[in-house]
Every structure is written in C-alpha cells, then in structure tokens.
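Naming convention: chains lettered A, B, ... in sequence-line order (proteins, then strands); numbering from 1 in each chain.
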Amino acid sequence: MNLFADIRELVVAELQGLMAAGVLPAGLDLAAVAVEPPRDAGHGEMATNAAMVLAKPAGMQPRAIADALAARLMADPRVAGADVAGPGFLNLRLEPAAWQGLVRAVLEQGTAFGRSQLGAGRKVNVEFVSANPTGPMHVAHARGAVVGDALAALLAFAGYQVTREYYINDGGGQVAVLARSAYERYREAHGLSPEIAEGLYPGDYLIPVGQALKDKYGSSLLDQPESVWLADVRVFSTDMMMAMIREDLAALGVEMDVYSSEKALYGTGQIEAALERLRKLDLIYQGVLEPPKGKAPEDWEPREQTLFRSTAFGDDQDRPVQKSDGAWTYFAPDIAYHYNKVQRGFDELINIFGADHSGYVKRLKAVVSALSENRVTLDIKLIQLVKLLKGGQIVKMSKRAGTFVTLRDLIEEVGPDVVRFVMLTRKNDVALDFDFDKVTEQSKDNPVFYVQYANARINSILRKARDAGLDVSDASLSQAHLAHLGHEAELEVIRKLGEWPRLVEIAAKGHEPHRVAFYLYELASDFHGLWNKGNDDDSLRFIQGDTAISAAKIALVRAVGVVICAGLGILGVTPVEEMR
RNA sequence: GCACCCAUAGCUCAGCUGGAUAGAGCGUUGCCCUCCGAAGGCAAAGGUCGCACGUUCGAAUCGUGCUGGGUGCGCCA
C-alpha cells in the first residue's frame with residue numbers, strides 16, 4: 001500500500017475526467033504530475049503540482065486548473081480538504097481514516113510493507129567489492145561492500161531480480177607478485193630466510209599460505225626456477241586469498257551470488273570475440289597515442305597499440321587494450337567481462353568502484369552501450385574514501401608501514417551492524433569519517449544507536465503491554481479500532497510511515513541506499529518525539545486504562561517497529577531487542 | 001594541461017531529480033524526569049546554498065564560465 005501512489009492515481013484519473021469533460025484540452029501529458037509530501041507540514045499532508053505543470057501546455061491559469069481539480073478530488077471519500085496555495089499548488093488533507101488504514105496495512109503486510117513492483121522483475125547485476133585477491137579486505141573495501149550489498153537488497157525490495165557479483169582480478173601481474181611473495185613464505189616454512197624484495201607483498205597473512213604450500217608440495221618446489229612453480233603457486237595462493245576474502249565478506253554479512261574470474265576469460269576466445277565486435281563498429285583500431293599533456297615523461301616513446309575509440313563517447317583519450325608487447329591490458333578482459341554480463345541477459349548493470357577508478361567510467365559505459373546496442377545501461381557508483389578517526393586523530397594507513405586497518409579489525413572492534421550502518425550514513429560520492437569513538441557512543445549523535453534505541457524502546461513497550469494483559473500479536477493489533485489514533489502527534493508518525501513505500505522507490509531509482517538510513521533516523525526521531533509527548537499529555541501514552549484505546553496505540557508502535565525492521569533488513573543491520 | 005567528483009548554519013551532513021518561509025545532529029542558550037527506558041524530548045539563536053551570468057511562472061537543484069579542495073590520466077589493476 002502506497003498512499004502517495006494511490007492519491008496520484010486519483011489525481012491523474014480526475015485530470016483525465018477533466019479532459020473528457022472538455023475543461024482541459026485533451027491529450028495532455030500527465031507524466032510530470034507528482035503527489036508529494038510538502039516540505040512544510042503547514043501546507044497540508046500531500047501536495048500536487050498538477051496545476052502548475054499543466055498550466056502552460058493547457059494554456060490556462062494554474063488557479064483555474066487547481067480549482068477544477070480540487071472540486072473533483074473532494075468527491076473522493078479519502079480526501080478531507082483541497083486548497084489552492086502559493087503559485088498553484090493543490091494542498092490535500094486526507095481523512096484520518098485513510099491514514100489509520102495505513103497502520104493496518106503495515107501490520108497485515110509486516111516487513112513486506114513498502115515492497116514495490118518498480119523493477120517489474122528486470123534483471124540487475126550489481127558488481128561490487130571486486131578486491132584484488134592479494135590480501136585481506138581493508139576498510140576502503142568495506143564501504144563498497146556495504147553500499148553494494150544494501151543497494152542489491154534495496155533493488156530486490158523494489159521488485160528487481162538482483163544478482164550480486166564479484167569480479168576476481170586474477171589474470172594480471174599482481175597475482176604473479178602474490179605468487180612470488182607466497183613462494184618466499186614457502187621457503188620460510190622450510191626454515192630458509194625469505195627474501196621479500198621491493199615490490200613483493202610483505203604481509204604476515206602470507207605465512208599460512210607458505211605453510212600450506214609446504215603441506216601440499218613438500219620440498220619439491222625448493223630451488224626450482226620460477227617457470228616450474230609460478231603457475232601452480234599462483235592458483236594456489238589466489239584460491240587461499242579468495243577463501244580469506246569470502247570469510248571477510250561473510251563476517252560483514254555479505255553473500256555473493258556469482259564469482260567471476262578474469263583469468264577464466266583468457267584462452268576462451270571471449271576477449272577476441274568482444275573486441276572483434278567492437279572492431280566491426282569501428283571502435284577498435286591500431287594507432288599511436290599522444291603523450292600526456294602537462295607533464296612530459298622523459299621515457300615517453302610513441303608506440304603503435306590496439307586502441308578503443310572511447311573519445312567517441314566523450315572520453316578525453318582513446319584507451320589501449322593491448323600493451324606494446326602485445327599482452328592485454330586490464331581493459332581488454334574487462335570488455336569481455338562486461339560483454340559476458342550483457343549476454344547473460346541483464347537489463348541493468350551497476351558497478352561499485354573506488355573513487356580512484358573515476359577515469360575508467362566513460363570507457364566502460366561506452367563499451368556496454370556499444371556491445372548491447374544501447375539495450376543495457378551501466379551505472380557506476382564511485383565510492384569515496386573512508387577516513388578513520390580514533391581519539392580525534394586520523395589513523396594513517398600504509399601497507400608498507402603495516403598500519404593498514406583490515407575489515408576484520410574493524411568488525412572485531414565495533415561489530416558488523418555498526419560498520420554497515422555507518423558506511424551508509426553518507427551518499428557514496430562524499431568522503432566519510434569513521435570515528436571509532438563516535439560510532440560506539442550511545443547518544444543521538446550516533447545514528448546507529450538512535451535507530452536501534454527506538455526499536456529497543458518499541459520492544460520494551462510491547463513487553464509492558466503484554467504484561468498488562470494485551471494481545472500484542474500483529475493479527476490482533478491489526479483488528480484494533482484505529483480511529484483512536486486521532487491526535488495530530490500520532491497522525492504525524494503515521495504519515496512518516498506512509499512515506500516508506502515512496503522512499504523505497506526514490507532510493508531504488510537513484511541507486512541510493514543511504515536514503516534508507518536517513519529515513520530510519522527520521523522515523524526514529526518522530527517516534528522518540530511521540531514517546532516523550534506522553535510525558536506532558538497522558539492521552540498520548542501508549543498504554544491506557546481502556547483496552548481498545550491501548551490496542552490502537554500499540555498497533556501504531558508496532559507498525560513503527562515493523563518499518564524500522566524492514567529498513568534495517570535492507571541495510572543488513574540486525575535490529576536489537578534490548579539495549580545493554 | 002585534461003577528465004571526473006565535491007563546495008549548504010561555527011562543526012559534521014540531509015535536501016525526495018525544478019517547487020512554497022532551505023532542514024537535521026553536534027556545539028551555544030533556556031526549559032522538561034514520582035512517569036511505557038531522560039541512553040530521551042521541547043524551544044531559541046545561527047544561512048548571500050563558493051562566485052557570476054543564463055534557462056522559466058519558479059533554481060541549492062538544470063546550463064555556461066570562474067574560484068577552492070579531492071581523485072585520476074599509455075606499456076598497473
């Protein structure tokens with residue numbers, strides 16, 4: 001049940017009635033007509049811009065349209081008032097019964113309340129994390145992991161068919177570096193001193209890999225040339241790294257549907273096939289790039305390479321798919337990978353990337369639209385940095401200094417729920433401060449706590465009500481006489497609940513899961529406010545002498561709890577029953 | 001040099017894709033506990049939405065040009 005959508009349908013129907021009656025010219029486009037909560041509560045409960053957006057195409061005064069529309073809307077039993085205001089807004093007030101029915105809908109539908117058919121079953125692929133399989137996940141990956149996972153959940157809630165996918169970069173040079181690093185640990189496991197040369201990965205996490213290599217291969221790889229062991233060790237160690245990354249993801253509550261391998265694309269002809277297709281579109285050619293402007297590298301030599309014509313899509317440079325030695329660049333298998341996603345029948349692709357990949361956006365979008373003949377859209381969400389703060393100090397992270405904070409460290413310190421919620425308290429394209437002191441603080445300043453506290457308080461009230469002899473099952477509460485929820489303060493909270501289905505669609509359309517976190521904070525705030533009004537006005541307390549009245553009020557409390565749980569469910573945060 | 005992102009209250013940030021008098025939290029000031037959890041709530045003060053043009057009934061939001069900050073820029077991924 002989406003009351004805003006229902007009322008918009010009503011408005012559209014009445015506008016069509018006005019067209020049929022000849023009051024408005026026929027054939028007006030009603031797509032821009034919106035029904036929204038007004039910014040200022042003083043302007044009624046819902047507002048429509050219909051008169052203003054139609055004034056020009058209809059060649060009429062906004063006022064005249066609004067008056068005619070208002071008269072027709074008033075005939076609907078849900079509408080209690082329709083006033084023309086401002087430049088031509090039509091402000092609507094609904095009968096309390098319409099709002100009260102919303103509480104019943106929440107209790108009947110449970111956490112399915114707010115589900116939408118917006119996606120209409122369209123297939124969406126969300127590719128996220130895709131951390132290189134060369135070490136454990138660290139905080140920078142955590143934000144992308146959380147945003148991707150929450151976005152996937154949000155889209156599923158909004159009626160899309162969602163696939164969560166991880167692209168394993170196991171084809172490039174860095175996994176060879178991993179293999180060489182692991183080999184040194186393998187030597188170490190045999191009591192030899194490892195030679196961790198410049199450029200190798202020094203992390204301790206490779207010591208168990210060396211041990212495992214020893215367990216599997218014994219001493220057979222010792223004193224052998226790289227050509228003998230490299231391929232095997234590379235597979236072995238990337239598998240171990242991926243196992244570790246999967247554990248990290250599981251600790252964060254993220255479960256992928258598909259793991260795709262870059263390496264698996266090599267030697268299958270898929271890269272060649274994708275490039276051939278682009279070549280037919282005249283998007284692949286042999287050429288020589290200009291040297292980068294501004295800085296003139298001394299070692300620049302013009303070389304002929306295989307290039308992708310991304311300048312045709314607004315990029316500032318064509319991009320090489322082959323290195324000067326003929327090997328593929330990272331871009332080539334990525335083209336094949338995205339072609340593969342297109343061929344798997346996805347209608348929309350979403351990639352969650354770190355902000356350092358911003359230069360990569362145009363060429364990838366170009367590839368997807370070219371390879372799908374504009375059928376498939378690719379949206380790339382760039383995730384900005386996370387700045388860690390502890391005791392007011394920035395925690396400097398450096399792999400070399402060994403001071404980088406792993407995802408596991410973070411989860412062990414504050415728990416997965418806090419990590420997930422905090423990572424969603426900013427939109428993706430803004431840098432985020434993760435303050436260890438703040439996120440565990442129990443105050444309104446900490447949104448995680450504040451929302452959890454609302455839920456805990458709701459559970460506390462339900463317990464008290466049960467102790468007072470009330471049947472607090474949803475089945476029973478949904479039968480409560482909700483006309484008792486007539487106080488303005490109560491209706492205000494109900495209106496907030498009414499925004500939930502609308503918010504789900506807005507957030508899903510914009511691929512903006514952070515909106516859910518902000519909504520929950522607002523809902524929690526409204527609820528705490530209502531709770532406190534009971535201190536001044538006894539009639540607003542939830543548990544009353546009259547059982548019927550109590551049941552109605554508890555129904556509202558429970559409905560708020562249901563929506564909070566639904567929202568937290570999308571964010572992947574476990575609702576707490578009790579604060580400790 | 002070029003591309004992308006960001007700029008909103010003293011601080012940290014929202015702002016529903018162009019709507020009405022721009023909103024929260026922190027901080028400041030003043031109130032509210034015999035009470036369903038005060039781990040809260042109410043109220044006040046605080047703004048040239050970086051700057052300048054433009055688009056239109058209407059701009060924080062769209063366009064162009066600046067300013068400041070971040071990120072990236074062939075043979076890394």
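- B:rC42 atom P lies 9 Å from atom CG of A:D526, rounded to whole Å.
- The base of B:rC36 lies outside donor-acceptor range of the side chain of A:R463, with no N or O pair under 3.5 Å.
- Across all strands, A:F331 comes closer than 4.0 Å to no nucleic acid atom at all (heavy-atom distances).
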### Query
How far apart are the C-alpha atoms of A:F421 and A:Y450, what are their side-chain angles, what is the distance that settles it, and do they pass the ring-ring contact (aromatic ring centres under 6.0 Å, His included) test?
CA-CA 11 Å; A:F421 200 108; A:Y450 191 65; over 10 Å; no
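- In this structure, A:R363 forms no cation-pi arrangement with A:F308, as its terminal cationic atom is not both closer than 6.0 Å to the ring centre and no more than 45° off the ring axis.
- For A:R457 against B:rC36, a side-chain-to-base donor-acceptor contact under 3.5 Å is absent.
- The side chain of A:N532 has B:rG40 as its nearest neighbour among B:rG40, B:rU12, B:rC36.
- Put simply, A:K323 has a side-chain N or O that comes within less than 4.0 Å of OP1 or OP2 on B:rA77.
- As judged by a 4.0 angstrom heavy-atom cut-off over every strand, A:D325 is placed among residues making no nucleic acid contact.
- Which of B:rA14, B:rA77, B:rG72 sits closest to the side chain of A:R426 comes down to B:rA14.
- Straight-line distance from the CD1 atom of A:I506 to the C1' atom of B:rG15: 11 Å, rounded to whole Å.
- For the OP1/OP2 pair of B:rG41 and a distance below 4.0 Å, the side-chain nitrogens and oxygens of A:Y453 include no atom meeting the criterion.
- Taking side-chain N and O atoms only, A:R515 has a distance below 4.0 Å to OP1 or OP2 of B:rG15.
- Counting distance only, with no hydrogens placed and no angle test, the side-chain atoms of A:D315 and the base atoms of B:rA3 include no donor-acceptor pair under 3.5 Å.
- B:rG40 atom C1' lies 12 Å from atom CD1 of A:I461, rounded to whole Å.
- Judged purely by atom type and a 3.5 angstrom limit, A:N455 uses its side chain to pair as donor or acceptor with the backbone of A:V576.
- Backbone-only engagement by A:S443 is indicated by non-hydrogen atom pairs under 4.0 Å involving sugar-phosphate atoms exclusively.
- Within the 4.0 angstrom heavy-atom criterion, base atoms lie near A:G510.
- Side-chain polar atoms of A:Q286 and A:T306 form a donor-acceptor pair below 3.5 angstrom.
- The base-pairing partner of B:rA3, taking Watson-Crick or G-U wobble contacts with both distances under 3.5 Å, is B:rU71.
- A:A431 comes within 4.0 angstrom of sugar-phosphate atoms only, judged by non-hydrogen atoms across all strands, and of no base.
- Atom P of nucleotide B:rG41 and atom CH2 of A:W531 are separated by 11 Å, given to the nearest angstrom.
- If you look at A:F434 and A:F436, their ring centroids are closer than 6.0 Å.
- Using N1 to N3 plus N6-O4 or O6-N4 for Watson-Crick, or N1-O2 and O6-N3 for G-U wobble, each under 3.5 Å, B:rC13 pairs with B:rG23.
- Among the heavy atoms of the strands lying under 4.0 Å from A:H357 is at least one base atom, whether or not backbone atoms are also near.
- Nucleotide B:rA52 forms a Watson-Crick or G-U wobble pair with B:rU64, both donor-acceptor distances falling under 3.5 Å.
- Of the candidates B:rA77, B:rA3, B:rG74, the closest approach to any side-chain atom of A:Q317 belongs to B:rG74.
- Nearest nucleotide to the side chain of A:Q305, out of B:rC75, B:rU17, B:rA77: B:rC75.
- Nucleic acid contact for A:E262: sugar-phosphate only, since backbone atoms but no base atoms lie under 4.0 Å from a heavy atom of the residue.
- One interatomic measurement links the two molecules: CD of A:Q384 to C1' of B:rC4, which rounds to 10 Å at whole-angstrom precision.
- Between A:E45 and the choices A:R93, A:R495, A:K496, the salt bridge (Lys or Arg N to Asp or Glu O under 4.0 Å) rule is met once, by A:R495.
- Using modelled atom types and a 3.5 Å distance limit, the side chains of A:Y519 and A:R515 yield no donor-acceptor pair.
- Here the separation of B:rA14 from B:rC26, taken at their C1' atoms, is 15 Å to the nearest Å.
- Of the side-chain N and O atoms in A:K362, one or more sit less than 4.0 angstrom from OP1 or OP2 of B:rC4.
- Nucleic acid contact for A:A85: base, since at least one base atom lies under 4.0 Å from a heavy atom of the residue.
- Backbone-only contact: A:K427 has heavy atoms under 4.0 Å from sugar-phosphate atoms and none from a base.
- Checking the phosphate oxygens (OP1, OP2) of B:rC16, no side-chain nitrogen or oxygen of A:H514 falls inside 4.0 Å.
- A residue-by-residue look at A:D538 and A:L385 shows that A:D538 has its nearest nucleotide of RNA chain B further toward the 5' end.
- Computed from coordinates, the A:R363 CZ to B:rA77 P distance equals 12 Å when rounded to whole Å.
- Along RNA chain B, the nucleotide nearest A:K56 and the nucleotide nearest A:E36 are compared for position; the residue whose nucleotide lies closer to the 5' end is A:E36.
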